[in-house]
Amino acid sequence: MKLEQLAQDPRVTVRRAGSPDSAGSAVVYWMQRTQRAADNPALSVAIEAANVLKKPVVVFFQLVPRSHHANLRHYQFLVEGLKDIAEGLKKRRVGFVIRRYPEHGIVRFCASVRPCLVIGDENPMLEAEHTKAKVVKQLRLPFWTVDADVIVPSRLLGKEHYAARTIRPKIHAQLRRFLTPIENVTAGVLWKPSSKFRSLAPESPLLDGFPVDCSVGPVSGFCGGSTEALKALDRFIRSRLNGYAKNRNRPELEATSQLSPYLHFGQIGPHTVALAAQRARAPLQDRRVFLEELIVRRELAVNFVRYNADYESLKSCEPWAEKTIGAHARDRRKILYTDMQLENAETHDPLWNAAQKQMVLTGWMHGYVRMYWAKKILEWSPCAADAYEIAVKLNDRYELDGRDPNGYAGIAWAIGGKHDRAWGPERQVFGKIRYMSYESTSRKFDSQAYIAGVNALEKRKVT
DNA sequence: ATCGGCTCGCGCAA
DNA sequence: TGCGCGAAGCCGAT
């Protein structure tokens, strides 16, 4: 294997070209989005490059406050995952350096390591892209990034896709090539830690004295880390994949994988999940439906965020949606709630309140209810642009998987008709945006049971 | 329980 | 240029 071959892997983007300096001391993998030591294509590229160069590999992880407006809930989950990374990297003979604000800089770290090459992982979110752009300017080193958290490298899709039906055949055509096990290669040269590259211990109280937004507390139902993620995957595959197609849209049941927090932080990768589902002994229909959501719809969301720079606002939506929303901008709203009333789950609608409470209390809301939740915010807001904004704000603040392409795509679908189509008959406020009602959702699933379930959870929390 | 109509525009066949 | 068909819907008819 040659370095040029590695650079030509479709998962790899060369952000700063140049031949790796063979006088350098190591290959540095700057781990951001892909927080795992196994089935991590970015780590594999780093190790393979280092093995060609006959150098060791060190993973650099930085703890930066207020990254993507994250709060204590998110940081706690993230920090819980660091121990698994440390253990996994040790097995692969790779070093691990954790630094915390204000000693967190990758540029400073590279100045002391003098790497041959720096590898990063891909993240379509704008803030992550800006951070990388800034670092590229300062690093006088070759810098590659690896698209490690999607099955089909997002670059190969080339443009923003209009709908699931346009991206689906493109993705399916690439699965044979990309839905394959990630090789967990081991470093040939062992990284030897020295005092010069001191690291914080992953199990030390990393958040003590760290300037993090504590207004949203940690949750008890989800524990971060790759080990927990694999356990959750195993439970899902063994007990819930069978029947998934039928039950996934029944939020009163525990029928979904609940892997989104782990996928968001990269503590588990889509290859691991997809291959486990593919080889599971569940009916074909269940496996198909799950893989459609995990791969086609998840990667449609990544495609949206990557190719539509307006994903944080209603501006990201299609002309037909803009038109119909505009035509109904002056419709009288029967009910208006303030941001506070929404945040405190103080609406007249018990299903909506339950959804909001599930999110606030557990850090996770059932996928089907998320649609309803967002559509009602549109119904109860002065305008669609405000609705989009408050939905994003609440989602990003309380969901463990907030600040993720999935959240933005979901809100854009519900409020702006993204990836959807016009639906008649035209209604107040919604216009031709697809509508959902309490009455009809209650026909589809046992909303009383869902509401009761969340309320029981709330009582247990209070007492 | 299941079906058709509602409605728009992309992507492809022709 | 025409045509098929679609990320989760609703409603009313059968």
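Protein chains get the first letters and strands the later ones, always in sequence-line order, with residue 1 at the start of each.
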**Request:** Taking only the side-chain heavy atoms of Arg165(A) (C-beta and beyond), determine which of dT7(B), dC5(C), dG9(C) contains the nearest atom.
**Result:** dC5(C)
**Request:** Indicate whether OP1 or OP2 belonging to dT7(B) is found under 4.0 Å from a side-chain N or O atom of Lys323(A).
**Result:** no
**G-U wobble or Watson-Crick pairing nucleotide for dT7(B) (cut-off 3.5 Å, both distances)** = none
**Request:** Mind checking Arg298(A) for me? I need base, sugar-phosphate or nothing, with any heavy atom below 4.0 Å counting as a touch.
**Result:** nothing
**Item:** Ring center gap for Phe77(A) and Tyr262(A) short of 6.0 angstrom
**Value:** yes
**Prompt:** Has His69(A) got more than 12 heavy atoms of other residues, nucleotides or ligands less than 6.0 Å from its NE2?
**Reply:** no
**Asked** Nearest to the side chain of Ser437(A) - dC8(B), dC11(C), dA7(C)?
**Response** dC11(C)
**Request:** For dT2(B), give its Watson-Crick or G-U wobble partner with both distances under 3.5 Å, or none.
**Result:** dA13(C)
**Prompt:** Of all the nucleotides listed (dC8(B), dG11(B), dA7(C)), which has the minimum atom distance to the side chain of Thr166(A)?
**Reply:** dG11(B)
**Message:** Of the listed nucleotides (dA7(C), dC11(C), dG9(C)), which one gets closest to any side-chain atom of Met436(A)?
**Reply:** dG9(C)
**Asked** Rounded to the nearest 0.5 Å, how far does CG of Leu300(A) lie from CG of Asn406(A)?
**Response** 9.5 Å
**Interatomic distance where CZ belongs to Arg248(A) and P belongs to dA7(C) [whole Å]** = 12 Å
**Prompt:** Just wondering, more than 12 heavy atoms not from Tyr101(A) lying within 6.0 Å of its OH?
**Reply:** no
**Request:** Using the P atom as the reference point in each nucleotide, state the distance between dG12(C) and dT7(B) in Å, no decimals.
**Result:** 15 Å
**Neighbour count above 12 (heavy atom, 6.0 Å) for Glu389(A) CD** = no
**Fill in**
Atom CG of Leu294(A) and atom P of dA7(C) are separated, to the nearest Å, by 17 Å
**Message:** From CZ of Arg421(A) over to C1' of dC5(C), roughly how many Å is that when rounded to an integer?
**Reply:** 8 Å
**Prompt:** NA contact type, Met371(A), heavy-atom cut-off 4.0 Å: base, sugar-phosphate, or nothing?
**Reply:** base
**Item:** With Trp144(A), the side-chain contact (heavy atoms from CB on, under 4.5 Å) member among Thr13(A), Asp9(A), Leu6(A)
**Value:** Leu6(A)
**Request:** For His419(A) and dG9(B), give me the distance from atom NE2 to atom C1', rounded to whole Å.
**Result:** 14 Å
**Atom-pair distance (CZ on Phe430(A); C1' on dC6(B)), nearest Å** = 17 Å
**Request:** Please work out if Trp423(A) contacts a base, only the sugar-phosphate, or nothing of the nucleic acid, heavy-atom cut-off 4.0 Å.
**Result:** base
**Complete:** Looking only at dC10(B), dA7(C), dG6(C), the nucleotide nearest the Ala164(A) side chain is dA7(C)
**Asked** Base, sugar-phosphate alone, or nothing: which one does Lys418(A) contact when heavy atoms must sit under 4.0 Å apart?
**Response** nothing
**Request:** Whole angstrom is fine here: how far is it from CD1 in Ile167(A) over to P in dC10(B)?
**Result:** 16 Å
**Asked** Out of dT7(B), dA7(C), dC11(C), which nucleotide sits closest to the side chain of Arg443(A)?
**Response** dC11(C)
**Tyr162(A) vs dA7(C): side-chain N/O to OP1/OP2 distance below 4.0 Å** = no
**Message:** Measure CD/Glu318(A) against P/dC10(B) and give the value in whole Å, please.
**Reply:** 8 Å
**Asked** When you check the phosphate oxygens OP1 and OP2 of dA7(C), does a side-chain N or O of Arg168(A) lie under 4.0 Å from one of them?
**Response** yes
**Message:** Counting only side-chain nitrogens and oxygens, does Lys375(A) get under 4.0 Å of the OP1 or OP2 atom of dG9(C)?
**Reply:** no
**Asked** Roughly how many Å is it from NE2 in His161(A) to P in dA7(C), rounded to a whole number?
**Response** 13 Å
**Prompt:** With respect to the phosphate group of dG9(C), does any side-chain polar atom (N or O) of Lys444(A) fall under 4.0 Å of OP1 or OP2?
**Reply:** yes
